[in-house]
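Here's the structure, in structure tokens; my notes come after.
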Amino acid sequence: MREYQIYTAGKMSGISNDEQMKWRYEIDIAIGEIIRNCGLDRIIKVNMVHPPRYYSYGEDYHKSEREVKEWDTTRVMQSDIVIVNTDYVADSTGTHYELAMCDAVNRLTNNHIFVVGIGNTKPENLHPWIAESIMRYEHDIQDAAEYIVNYLLI
């Protein structure tokens, strides 16, 4: 069985936990349904890493911000795919950092992290460095899920 880790990156501060998790659950469900419907669940296992499940602003789960940063960046570097929600990305320092980590891994190691962007923001409206960090961009979660399963997991 082939195992993949998919990390979901996107703004967390200043928005509710429900807002943080809504798109993450939608992409998680969409990928899982496609895998099951295609009968791939016998050969593919996907571990979805959603940071708000572990660390949330305003919660007392961690003792320092260093702990959160180390946890996040380690999970990013261990991932096969990072899905980034570009809505509100302009003011999300953490998401910028996560994308920079993907770029560093892709340039400096023998590993490769595929970055798939989703959201309502048009790629041309993103900062050029953010736009260039994204390999594939889809506005629709279902389209992103189909691309991920059909091109990156198979």
Side-chain angles (χ1 to χ4, degrees), residues 1-13 15-57 59 61-62 68-89 92 94-126 130-154:
M1 180 169 283
R2 295 179 69 186
E3 293 189 29
Y4 296 92
Q5 180 165 294
I6 299 176
Y7 182 94
T8 56
K11 182 177 174 81
M12 291 173 56
S13 66
I15 60 175
S16 71
N17 191 268
D18 288 344
E19 289 176 280
Q20 294 172 40
M21 290 303 296
K22 182 180 183 306
W23 71 270
R24 288 176 164 98
Y25 285 140
E26 289 173 0
I27 193 78
D28 194 337
I29 290 167
I31 289 170
E33 285 177 353
I34 294 168
I35 289 171
R36 281 188 301 282
N37 291 341
C38 293
L40 297 172
D41 51 339
R42 294 183 302 271
I43 61 171
I44 294 175
K45 180 181 179 194
V46 174
N47 177 34
M48 298 292 288
V49 178
H50 304 306
R53 282 188 182 160
Y54 304 94
Y55 294 106
S56 295
Y57 286 94
E59 299 294 331
Y61 300 132
H62 57 283
V68 178
K69 177 184 162 200
E70 293 295 329
W71 186 92
D72 279 356
T73 56
T74 299
R75 296 308 175 283
V76 168
M77 291 187 297
Q78 293 172 341
S79 293
D80 300 293
I81 301 166
V82 169
I83 303 170
V84 59
N85 185 330
T86 60
D87 294 341
Y88 316 111
V89 75
S92 178
T95 305
H96 293 177
Y97 202 93
E98 291 162 344
L99 290 175
M101 295 300 296
C102 292
D103 283 345
V105 166
N106 290 345
R107 292 174 188 270
L108 303 174
T109 73
N110 291 328
N111 296 333
H112 188 83
I113 302 169
F114 295 101
V115 179
V116 177
I118 61 169
N120 296 314
T121 306
K122 294 179 182 178
E124 58 270 16
N125 292 337
L126 297 171
I130 299 298
E132 288 299 316
S133 295
I134 299 170
M135 180 189 76
R136 173 77 172 223
Y137 193 88
E138 295 287 350
H139 294 288
D140 182 76
I141 285 178
Q142 189 65 34
D143 291 343
E146 289 175 11
Y147 173 77
I148 289 166
V149 173
N150 293 328
Y151 290 92
L152 302 180
L153 299 184
I154 296 180

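Please read these numbers as outputs of a predicted model, since none were measured by experiment. Scope of the values below: all heavy atoms of this structure, side chains included, with no hydrogens, waters or symmetry mates.
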Please list, one pair per line, the donor and acceptor atoms closer than 3.5 Å that link side chains of residues 140-154 to other protein atoms, with sequence neighbours excluded.
| residue | atom | partner | partner atom | Å |
| --- | --- | --- | --- | --- |
| Asp140 | OD2 | Gln142 | N | 3.0 |
| Asp140 | OD2 | Asp143 | N | 3.0 |
| Gln142 | NE2 | Glu146 | OE2 | 3.4 |
| Asn150 | ND2 | Glu146 | O | 3.1 |

For Lys22, give me all partners under salt bridge (charged side-chain N to carboxylate O under 4.0 Å, His left out), at least two apart in sequence or on another chain.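 For Lys22 the salt bridge (charged side-chain N to carboxylate O under 4.0 Å, His left out) partners, ignoring immediate neighbours, are Glu26.
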
Partners passing salt bridge (charged side-chain N to carboxylate O under 4.0 Å, His left out) against Asp28 (at least two apart in sequence or in another chain): Arg53

[atom2] on [Y] to [atom1] on [X], rounded to 0.5 Å:
X: Gln20; Y: Tyr25; atom1: CD; atom2: OH; result: 10.5 Å
X: Gln78; Y: Arg75; atom1: CD; atom2: CZ; result: 5.5 Å
X: Cys102; Y: Ile81; atom1: SG; atom2: CD1; result: 11.0 Å
X: Met77; Y: Glu98; atom1: CE; atom2: CD; result: 11.5 Å
X: Ile6; Y: Ile83; atom1: CD1; atom2: CD1; result: 5.0 Å
X: Asp72; Y: Met101; atom1: CG; atom2: CE; result: 10.5 Å

What are the two closest non-hydrogen atoms of [X] and [Y], and how far apart are they?
X: Lys11; Y: Ser92; result: CA-OG, 3.6 Å
X: Pro51; Y: Trp71; result: CA-CZ3, 4.0 Å
X: His96; Y: Val89; result: NE2-O, 2.8 Å
X: Ile44; Y: Val46; result: CG2-CG2, 3.9 Å

Within a radius of less than 6.0 Å around OH of Tyr88, do more than 12 heavy atoms belonging to other residues, nucleotides or ligands occur? no

Listed once per pair and sorted, the side-chain hydrogen bond (donor to acceptor under 3.5 Å, both in side chains) pairs that draw on residues 29-43, sequence neighbours left out: none

Can you name the residues that form a side-chain hydrogen bond (donor to acceptor under 3.5 Å, both in side chains) with Thr8, not counting sequence neighbours? Arg24, His50

Residues at least two apart in sequence or cross-chain that pass side-chain hydrogen bond (donor to acceptor under 3.5 Å, both in side chains) with His139, listed by chain then number, are none

What donor-acceptor contacts under 3.5 angstrom involve side-chain atoms of residues 130-138, with partners at least two apart or in another chain?
| residue | atom | partner | partner atom | Å |
| --- | --- | --- | --- | --- |
| Ser133 | OG | Asp103 | OD2 | 2.9 |
| Ser133 | OG | Trp129 | O | 2.9 |
| Arg136 | NE | Glu138 | OE2 | 2.9 |
| Arg136 | NH2 | Glu138 | OE2 | 3.0 |
| Tyr137 | OH | Thr86 | OG1 | 2.7 |
| Tyr137 | OH | Gly119 | O | 3.2 |
| Tyr137 | OH | Thr121 | O | 2.3 |

Is the closest side-chain heavy-atom distance between Val49 and Gln5 below 4.5 Å? yes

With Ser16 via side chain to side chain contact (heavy atoms under 4.5 Å, CB included) - residues at least two apart: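 Partners of Ser16 under the side chain to side chain contact (heavy atoms under 4.5 Å, CB included) test: Asp18, Glu19.
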
